[in-house]
Amino acid sequence: IKSVREFLEKVRQKKNRDITVLDLGCGKGGDLLKWKKGRISKLVCTGKQQFLKDAEELLMDRFQDPGMCFDICSCQFVCHYSFESYEQADTMLRNACERLSPGGYFIGTTPNSFELIRLEASETESFGNEIYTVKFQKKGDYPLFGCKYDFNLEGVVDVPEFLVYFPLLNEMVKKYNMKLVYKKTFLEFYEEKIKNNENKMLLKRMQGLEPYPANENSKLASEKADDYEHAAEYMKKSQVRLPLGTLSKSEWEATSEYIISVG
């Protein structure tokens, strides 16, 4: 999803000068190669821990160039950590948006609050599957800020997070002259972009899907037989070359927890 450079190309079409990007919460720099392939001219990054600190102070006060502006701000899988309080969320949005050039974009990925609350309505204390689990610390209590839950993703992520009520986020960015131009769940985004042959080839090169049925050189990610019923049904109804590229049902469910938005 992050490798589809649609809005980067929109910026390139609008302007002739170099493109500058702010990557908030860049982690270990996993997107550096993506930015390089995007042929940007300047990149400013903050790590997750620095991002959380930035959510309490203004990032612009630390720029060597006080007049620095950005064409794109990317904030992937981290902006929800700032929703512990209004002050932290507002500072995060100010850092993300205040130095965007006219026509620039703020691109963010957050957990889908509507999906999380819908699933949380179950009778159990936590919900999820073999890929991920979510447990709200106060079941049935959803304040606009500080709504804390524990999130675990297959041993990769095990941290407390804060719910982001998207209509609230949409209102808050208006303070910084931003408006929503694009919002999709991961599944909606995938279904929209996979129709493009270039994106199909990109997904194949990245090996983003697992081969189904498995062969002597591969093993299915899930050992649950019903996790691939959707792929088996598709094979029956369609004339396709094998193996298919797919995800297990559990992995598809995990992706439904996220939305991507652009302002």
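Residue numbers count from 1 along this sequence.
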Open item on the list: Keeping N95 on the side-chain end and L59 on the backbone end, is there a donor-acceptor pair under 3.5 Å?
Closed with: yes

Open item on the list: Using a strict threshold of under 4.0 Å (side-chain N to carboxylate O), is an ion pair present between K148 and E84?
Closed with: no

Open item on the list: Between the side chains of D90 and K175, is the shortest nitrogen-to-carboxylate-oxygen separation below 4.0 Å, so that they form an ion pair?
Closed with: yes

- [ ] Go through the steps to decide whether Y190 and N199 satisfy the test side chain to side chain donor-acceptor pair (under 3.5 Å), and finish with yes or no.
- [x] CA-CA 10 Å; Y190 170 82; N199 292 335; over 6 Å; no

Task: Aromatic F166 / basic K183 pairing, under 6.0 angstrom, 45° off normal - done: yes

TODO: Quick one: closest heavy-atom pair of C45 and L32, and the distance?
DONE: SG-CD2, 4.3 Å

Open item on the list: Are Y258 and F77 an aromatic pair, judged by ring center distance below 6.0 Å?
Closed with: yes

Task: Side-chain donor or acceptor of D71 paired with backbone N/O of G104 under 3.5 Å - done: no

Task: S248 backbone acceptor or donor facing E251 side chain under 3.5 Å - done: yes

Open item on the list: Between R12 and G38 (side chain of the first, backbone of the second, donor and acceptor by atom type, cut-off under 3.5 Å), is there such a pair?
Closed with: yes

Task: Shortest non-hydrogen separation from E253 to S256 and the atoms involved - done: O-OG, 2.5 Å

Task: Within-4.5 Å side-chain heavy-atom neighbours: Y132 and F127 - done: yes

TODO: Taking the side chain as every heavy atom from C-beta outward, state whether L116 and E257 have any atom pair closer than 4.5 Å.
DONE: yes

Task: Donor-acceptor side-chain pairing of E161 and Y149 below 3.5 angstrom - done: yes

TODO: Answer yes or no: does atom NZ of K10 have more than 12 heavy-atom neighbours from other residues, nucleotides or ligands under 6.0 Å?
DONE: no

TODO: Using a strict 4.0 Å threshold on nitrogen-to-oxygen distance, state whether E192 and K184 make a salt bridge.
DONE: yes

Open item on the list: I'd like to know if the side chain of R99 and the backbone of M68 have a donor-acceptor N/O pair within less than 3.5 Å.
Closed with: yes

Open item on the list: Please report whether the ring centroid of Y105 lies less than 6.0 Å from that of Y182.
Closed with: no

Open item on the list: Can you confirm if the aromatic rings of Y142 and F136 lie within a centre distance of less than 6.0 Å?
Closed with: yes

Open item on the list: Checking the side chain of W252 only, and the main-chain atoms of L247 only, is there a donor and an acceptor separated by less than 3.5 Å?
Closed with: yes

Open item on the list: Any side-chain to backbone donor/acceptor pair from D227 onto S250? Under 3.5 Å, distance only.
Closed with: yes

TODO: Examine F63 together with F70 and report whether their ring centres are nearer than 6.0 Å.
DONE: yes

